[in-house]
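One structure is given here, and the rest of the page talks about it.
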Amino acid sequence: MAAGAGLGLGELTAALAGGTSPVVGVGTQLIDLAPGPAKDWAVKNLGTADKPILVGGVLAAVAVFALVAGVVGVKRPRVALGMTVVLGLLAILAAATGRSLAVNPVVRVLPGVITLLVATIGMYLVLRARGYSLRGKPQEVPRAATPEQVRQASGGGATAGDVSGEAEKPDGFDRRKFLVTTFALGAAGVGGVAASRVLPGGVDDATRRAIKLPIPASRAKALPAGVAADVAGISPFTTSNKSFYRVDTLLTVPKVDPRNWELRVHGMVDRELRLNFADLLERRLVERDITLTCVSNEVGGPYVGNARWIGVPIAEILREAGVQAGADAVKSTSVDGLTIGTPLAALTDGRDAIFAVGMNGEPLPFDHGFPVRMVVPGLYGYVSATKWIVDFEVTRFEDFSAYWTDRGWAVEAPIKTASRIDVPKGFARIKPGPAVAAGVAWAQHRGIAKVEVQVDGGPWQEAKLADEAGIDIWRQWTFRWDATSGNHTLTVRATDHTGQVQTADRAAPRPNGSSGLHNTVVMVE
Ligand SMILES: Nc1nc2c(c(=O)[nH]1)N[C@H]1C(S)=C(S)[C@@H](COP(=O)(O)O)O[C@H]1N2
Ligand SMILES: [Mo]
């Protein structure tokens with residue numbers, strides 16, 4: 001209960017003052033310190049559930065630790081207090097050294113300090129109510145104490161062998177006080193968490209949705225009539241914001257107020273720029289369909305999506321800032337301190353690299369980087385798609401290392417040519433006769449030229465491609481075949497416009513993206 005009160009009031013302090021929540025702070029440190037394989041495993045096997053599972057794990061660990069402290073406290077109250085202090089110190093340490101949304105270092109650790117104080121004082125009060133003195137030797141009074149013993153202990157005054165210490169009345173176990181104290185602590189914990197949840201944390205969703213984005217000066221190219229294949233179960237050509245995959249390292253999604261948002265453009269530039277949200281909206285906006293892919297996507301995996309973005313061309317900002325000779329990279333930083341390194345060339349070679357403010361007709365959703373994120377066609381997200389961006393530094397790759405590259409991922413990571421079977425689903429049962437397979441293929445900034453399907457390891461047969469919307473955008477395909485009874489394996493491969501055929505060589509996502517061919521087994525009745 002004492003630990004719960006500490007965490008609850010720490011949570012409330014974080015909501016009120018804006019510091020790092022103890023649970024989120026420790027969880028974030030665990031994310032950052034986790035060895036690469038552990039993280040890969042979580043991304044692969046837990047998906048987006050990894051975050052609630054991590055938070056649940058932290059809470060469970062605290063609960064177990066606090067229970068042990070409580071049990072130990074029966075015999076050794078000072079050890080119990082020591083353990084409680086350690087718990088608080090962990091929260092402070094995590095906040096002080098980890099990524100945090102709070103800039104001010106004092107504000108940052110404040111919730112941890114509150115957690116330490118509340119939990120320790122709470123533990124002290126519980127122990128006292130339980131009848132234990134903290135000074136001198138541990139008491140032996142409670143539970144089995146006979147009325148005589150109690151009377152002796154309380155009436156005897158400070159005689160030799162006094163076990164009570166001076167501050168305490170050695171009145172043994174005060175059940176009422178004990179229950180009231182534990183109940184009050186529990187209520188403080190629950191109340192703190194509840195209050196922190198109803199407090200407005202940053203800007204709210206109504207404010208976000210109320211933002212009117214100007215009509216972009218350069219609209220997206222009209223989509224050809226046949227970009228979408230008419231097959232049930234195929235990934236929609238445009239991925240809705242709700243079903244767009246999400247990959248990041250944040251336990252609580254930042255709700256940055258656009259009125260306070262600022263992007264600093266600096267480093268190897270002639271003129272440092274500071275852009276606020278209104279500045280961005282006043283610039284020339286472009287609207288583009290761009291397909292995003294995560295480097296963690298396994299062959300056939302779900303971490304790919306296509307959206308219609310609105311944003312400011314990064315090249316135009318760089319031109320205005322004046323890039324100095326020798327620079328070859330940009331280090332961008334999000335509001336929580338995560339860094340991403342992007343090749344300068346990909347931002348200036350004419351492709352549609354943007355500071356995006358809109359996604360599928362609305363301001364960026366909080367989950368996807370509100371108010372501003374980067375979108376760069378052709379590069380995996382971890383080297384290009386900085387969400388909640390606040391800092392943009394022109395620099396050289398040799399002068400910095402970014403968050404993911406510190407964790408064993410490649411410094412440069414163009415998206416590999418890939419394809420996926422959406423229909424039929426694995427182990428689907430279908431009727432014999434004419435059948436259809438369908439899916440998507442992508443090779444951003446090179447474009448998809450051909451998709452082929454193989455049935456049971458037979459010859460490669462060309463699939464029908466949907467119309468091409470652009471080289472930065474995925475392309476749908478369909479394949480008609482004659483299904484005969486029995487189990488069959490369908491395999492797909494794509495070829496991009498450079499002539500590169502998708503490799504069959506299997507590679508894990510680390511260090512620079514998975515490779516290999518997606519296949520699906522169908523059962524024909
Ligand atoms: N601030 C921040 N930006 C980030 C990340 C992150 O962890 N933090 N993850 C990147 C990765 S790995 C990918 S694949 C894309 C995913 O963008 P989405 O969540 O909008 O799909 O965002 C990128 N931008
Ligand atoms: Mo990613």
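Just so you know, residue 1 is the first one in the sequence shown, and it goes up from there. In listed order, ligands and their atoms are each counted from 1.
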protein heavy-atom neighbour closest to atom 9 (N) of ligand 1 works out as Val247 O, 3.1 Å
Test salt bridge (Lys or Arg N to Asp or Glu O under 4.0 Å) applied to Asp257 - qualifying residues, sequence neighbours left out: Arg259
Geometry only, no angles: is Tyr245 polar-contacting ligand 1 at N/O separations under 3.5 Å? yes
Heavy-atom nearest neighbour in the protein, as seen from atom 8 (N) of ligand 1, with distance rounded to 0.1 Å: Leu338 CD2, 3.5 Å
Report the part of Trp388 in contact with ligand 1, treating N, CA, C, O as backbone and CB onward as side chain, heavy atoms under 4.0 Å; options are side chain, backbone, both, neither. side chain
Going by side-chain hydrogen bond (donor to acceptor under 3.5 Å, both in side chains), Asn360 matches just one of Asn241, Asp289, Asn306. Which one? Asn241
Just need the protein heavy atom nearest to atom 13 (C) of ligand 1, so name the residue and atom and give the distance. Gly381 CA, 3.7 Å
Close N or O approach (Ala385, ligand 1; < 3.5 Å): yes
Show which atoms of ligand 1 fall inside a sub-4.0 Å distance from at least one heavy-atom site of Phe244. 21 (O)
Distance under 4.0 Å to a non-hydrogen atom of Arg373: what atoms of ligand 1 satisfy this? 15 (C), 16 (C), 17 (O), 18 (P), 20 (O), 22 (O)
Under 4.0 Å from one or more heavy atoms of Tyr382, ligand 1 contributes atoms 11 (C), 12 (S)
Side chains of Ser218 and Arg288, donor plus acceptor under 3.5 Å: yes
Least distance between heavy atoms, Phe370 atom then Val203 atom: CE2-CG1, 3.9 Å
Thr489-Asn519 side chain donor-acceptor pair, cut-off 3.5 Å: no
Taking atom NZ of Lys242 as the centre, does the number of heavy atoms from other residues, nucleotides or ligands within less than 6.0 Å exceed 12? no
Numbered atoms and elements of ligand 1 in range of Thr249, under 4.0 angstrom, heavy atoms: 7 (O)
Ion pair check, Glu272 and Arg274, cut-off under 4.0 Å: yes
Ser334: numbered ligand 1 atoms lying under 4.0 Å from its heavy atoms: 1 (N)
Which one holds for Tyr403 and ligand 1: side chain close, backbone close, both close, or neither close, with close meaning a heavy atom under 4.0 Å? neither
Could you tell me how the ring of Tyr303 sits relative to the ring of Tyr245: parallel (under 30°), tilted (30 to 60°) or perpendicular (over 60°)? tilted
Hey, which atoms in ligand 1 end up nearer than 4.0 Å to a heavy atom of Cys294? 14 (S)
Electrostatic pair Glu316-Arg283, nearest N-O below 4.0 angstrom: no
Which residue owns the protein heavy atom closest to atom 19 (O) of ligand 1, what's the atom, and how far is it? Lys387 NZ, 2.5 Å
Arg319 meets the side chain to side chain donor-acceptor pair (under 3.5 Å) criterion, sequence neighbours left out, with none
Would the number of heavy atoms belonging to other residues, nucleotides or ligands and lying under 6.0 Å from CG of Asp204 be above 12? yes
Is the shortest N/O to N/O distance between His368 and ligand 1 below 3.5 Å? yes
Which segment of Asp248 sits under 4.0 Å of ligand 1 when only heavy atoms are counted: both
Min heavy-atom dist Met374 to ligand 1 below 4.0 Å: no
